Amino acid sequence: MTLMRFKALETAQSRTPVKVEFPSPKISDYYGMNVFGESAMRQFLGKEAIKAINDAKNEGLKIDRNMADVIATGMKQWSMSKGATHYSHWFQPLTGATAEKHDAFFEPIDVTSSMERFSGNALVQQEPDASSFPSGGLRNTFEARGYTAWDPSSPAFVIGRTLCIPTIFVSYTGEALDFKAPLLKSLHFMDTAATAVCKLFDKNVDKVTTSLGIEQEYFLIDEALYYARPDLMLTGRTLMGYSSAKGQQLEDHYFGSIPDRVMAYMADMETEALKLGIPLKTRHNEVAPGQFECAPQFEEANLAVDHNQLLMDVMEKVARRHHFKVLLHEKPFAGINGSGKHNNWSLITSTGVNLLSPGKTPLNNLQFLTFFINTIKAVDDHADLMRASIASASNQYRLGANEAPPSIISIFIGTQLSNVLESFENSLSNSEDNTGGSIHVNKIPEILMDNTDRNRTSPFAFTGNKFEFRAVGSQANCSSPMIVLNTIVADRLKQFKAEVDSKVQAGQNQEEAIVEILRRYVKESKKVIFEGNGYSDEWAEEAARRGLSNIKDVPTALHVYTSEKSKKVFGENNILNERELEARYEILLEDFVKKVQIESRVLGDMANTYIIPAAISFQNKIADFATNMKNLGLPEEDYKVALDALKESASHVSTIKTAVYKMVEERKVANNLPNTEEKADAYSQKVKQYFDVIRKHSDKLERIVEDAQWPLPKYRELLFVK
Ligand code: ADP
Ligand code: MG
């Protein structure tokens with residue numbers, strides 16, 4: 001009987017590119033066509049309704065029920081013109097995926113007549129039966145009361161025949177059960193704090209928006225090969241597999257020409273995304289074979305996050321037409337690059353100034369330095385919270401592995417800005433002005449950015465006019481790191497403003513006060529700045545000397561969410577209260593336990609039902625051969641190689657058997673522990689340690705068992721997508 005592996009390979013190799021239909025040759029003809037944006041609103045809503053939406057979006061004003069009815073009717077008509085029959089509140093529960101529950105517009109009047117209806121109430125609020133979403137104890141399951149509420153700052157869109165309305169998801173008592181609610185709070189907090197600081201420099205600024213551009217890395221593999229690997233199907237990554245002789249060492253894939261079948265997929269996927277208003281602009285091959293990246297133009301952060309969540313769905317859906325599987329897992333393959341989701345983050349004023357763009361005049365530079373240095377200090381003060389925000393069962397295999405940022409949070413700023421900060425820090429003590437304690441703002445050097453100054457090894461890098469958080473996992477919901485980053489930076493800005501105010505009230509010149517405070521911040525936080533190779537072992541040692549933490553273990557990383565310091569920064573600024581933080585911690589730990597538990601079970605099953613049987617039939621074959629040789633009366637030296645191979649294989653089999661047995665025992669112990677925290681520790685420390693042992697010996701077997709008998713598609717077959 002032919003192994004499934006070979007059938008799958010045959011299928012994969014016979015594929016040809018799928019022909020893609022474009023709605024029009026010009027992207028601008030169809031960009032945003034399925035979004036209830038400006039032009040759709042103008043067509044289907046009156047001036048007052050549009051104003052109500054914009055006021056809600058820009059100033060957080062409430063939309064009254066009558067107006068909601070008007071808007072709902074317009075939305076319904078627009079979406080029906082796009083073929084919609086249903087509507088759905090679209091939300092982001094803490095499972096990480098997006099959720100939707102569809103209701104029909106259709107309402108029967110009697111058995112033969114009906115009408116399409118969509119009320120303001122249905123637009124504004126829904127109560128999905130959401131009892132199965134994680135709530136970390138915030139909501140009793142039997143109550144099942146979670147509400148979704150419309151987020152007018154993110155436009156509704158049509159997918160298939162459904163009108164989707166972006167919403168937050170909160171409990172009956174108002175606690176957040178999702179990613180969006182705290183993200184919106186953190187963005188509002190950032191607006192308030194940053195605007196107040198901007199007013200020190202320019203009274204005309206009345207709003208600051210957080211901008212976010214999310215680069216998305218992913219792997220593509222043929223669907224047939226995917227279905228021949230239970231580990232990929234059930235865990236999203238390969239739990240075993242000997243590395244291909246040719247991997248990424250030649251670096252011939254990076255930015256190389258895109259294979260035809262992949263190109264067709266990308267064009268198709270982009271078209272669907274563009275119709276939904278996701279402004280995809282960039283596509284290329286990534287470093288590892290089979291790995292690719294796409295990136296949109298940056299947008300307001302809430303919209304950017306929604307678009308990224310939507311994009312991941314679109315990527316998976318469109319892949320089906322092309323017989324591909326998109327792997328969004330952070331580390332689908334050991335030994336080669338994993339995938340991340342670089343979060344390019346900046347702050348932009350209502351007057352159109354990018355606050356992280358160095359200015360031309362010294363005063364503009366002081367404003368730039370204010371935001372730049374406050375960000376550095378915030379990240380240094382809350383490095384562990386930044387680490388917590390990217391911790392997950394899947395990202396743990398990437399961080400600190402091949403070409404991925406380490407678990408140490410540090411900041412790269414480039415040679416030029418390092419020099420600027422150094423002279424800025426020292427000018428007071430070195431300059432002649434020192435005696436009077438005065439500093440001239442004019443002395444702040446002009447900053448000319450060198451965009452080629454890049455460091456790919458840093459988890460948090462300044463890249464000319466924005467910071468780039470590179471440690472975020474490829475399948476993560478970016479709200480998580482953005483909630484943390486916005487909160488800690490806004491909190492720092494708030495304190496900075498208070499410090500400036502008190503110095504000015506005490507009679508100090510404002511610019512002097514600003515410079516003095518910033519100088520202190522540089523001194524206090526420069527230990528987090530690192531310009532060298534973040535992948536090197538020396539950095540881990542150096543970081544330890546500097547007192548920076550290097551948290552490798554997921555439960556330990558997540559624990560930081562519940563520290564007094566975290567509770568303070570989130571609580572005081574009304575982003576997440578203590579109960580919400582405890583609940584999130586519980587949910588994230590549970591998610592970690594479940595993921596490791598599933599991996600452990602799949603690994604055990606695969607070892608027992610794929611690897612060991614393959615090795616045993618290989619051993620039988622050799623044993624037969626050796627017996628025949630012996631019966632023929634040939635000397636042992638003539639079949640010694642066979643006997644050695646037999647022994648080697650048998651020894652791997654027995655090591656795997658023992659490890660699987662011990663792993664199962666550890667799992668039983670872990671499952672009986674009384675609370676999630678202990679369970680998570682047990683899974684992280686006791687259960688997971690067997691993964692490497694089982695994998696190592698299975699991979700050794702893969703190298704000795706006859707290729708024709710090996711049951712699982714090999715790395716070389718999975719990675720080089722045609
Ligand atoms: P690279 O891979 O060199 O970092 P990309 O072009 O792949 O560059 O991605 C850069 C991302 O950063 C894009 O999404 C881009 O829109 C975004 N970006 C550029 N300027 C800003 C900004 N001011 N704020 C936020 N994101 C930005
Ligand atoms: Mg980048």
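Atoms within a ligand are numbered from 1 in the order they appear, just like the ligands themselves. What you see below is based on every heavy atom in this structure, not just the backbone, and it leaves out hydrogens, waters and symmetry mates. Quick caveat: nothing in here was measured; it's all calculated off a predicted structure.
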Practice item. Could you tell me whether K281 approaches ligand 1 through its side chain, its backbone, both or neither, with non-hydrogen atoms closer than 4.0 Å? Key: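 Neither; no heavy atom under 4.0 Å.
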Review point. Looking only at heavy atoms, what is the nearest atom pair of I409 and L548, with distance?
Key: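 Where I409 meets L548 most closely, the heavy atoms are O-CD1, 4.3 Å.
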Exercise for review: Could you label the plane-to-plane angle of the W345 and F467 rings as parallel, tilted or perpendicular, counting under 30° as parallel and over 60° as perpendicular?
Suggested key: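 Tilted, since the angle between the ring planes falls between 30° and 60°.
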Check your understanding: Would you call the rings of F292 and Y218 parallel, tilted or perpendicular if under 30° counts as parallel and over 60° as perpendicular?
Key ->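 F292 vs Y218 ring planes: tilted.
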Exercise for review: Determine whether any heavy atom of H342 lies closer than 4.0 Å to an atom of ligand 1.
Suggested key: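 Judged by the 4.0 Å heavy-atom criterion, H342 does not count as contacting ligand 1.
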Check your understanding: So, for F179 and F169, is the gap between ring centers shorter than 6.0 Å?
Key ->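 No; F169 has its ring centre 6.0 Å or more from that of F179.
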Check your understanding: Taking the six-membered ring for Trp, is the centroid-to-centroid distance between F157 and F36 below 6.0 Å?
Key ->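 When the ring centroids of F157 and F36 are compared, they turn out to be at least 6.0 Å apart.
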In ligand 1, which numbered atoms sit nearer than 4.0 Å to a non-hydrogen atom of [X]?
X: P296; value: 13 (C), 14 (O), 16 (O)
X: S346; value: 22 (C), 23 (N), 24 (N)
X: E293; value: 7 (O)
X: Q297; value: 16 (O)
X: E468; value: 4 (O)

Exercise for review: Any chance you could measure S357, atom OG, to F372, atom CZ, to the nearest 0.5 Å?
Suggested key: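 Here the rounded value is 12.0 Å.
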Exercise for review: Give yes or no for whether the N/O distance cutoff of 3.5 Å, strictly under, is met between K466 and ligand 1.
Suggested key: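 The answer is no, given that K466 and ligand 1 share no N or O pair closer than 3.5 Å.
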Check your understanding: Can the positive tip of R584 be found less than 6.0 Å from the middle of the six-membered ring of Y561, inside 45° of the ring normal?
Key ->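 Not satisfied by the 6.0 Å and 45° rule.
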Selection from [options] by shortest heavy-atom distance to [atom]:
atom: atom 18 (N) of ligand 1; options: F298, F467, W345; result: F298
atom: atom 12 (O) of ligand 1; options: L212, N344, N354; result: N344
atom: atom 6 (O) of ligand 1; options: T209, L356, T282; result: T282

Check your understanding: Is D306 salt-bridged to K180, cutoff N-O under 4.0 Å?
Key ->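 Yes, this pair counts.
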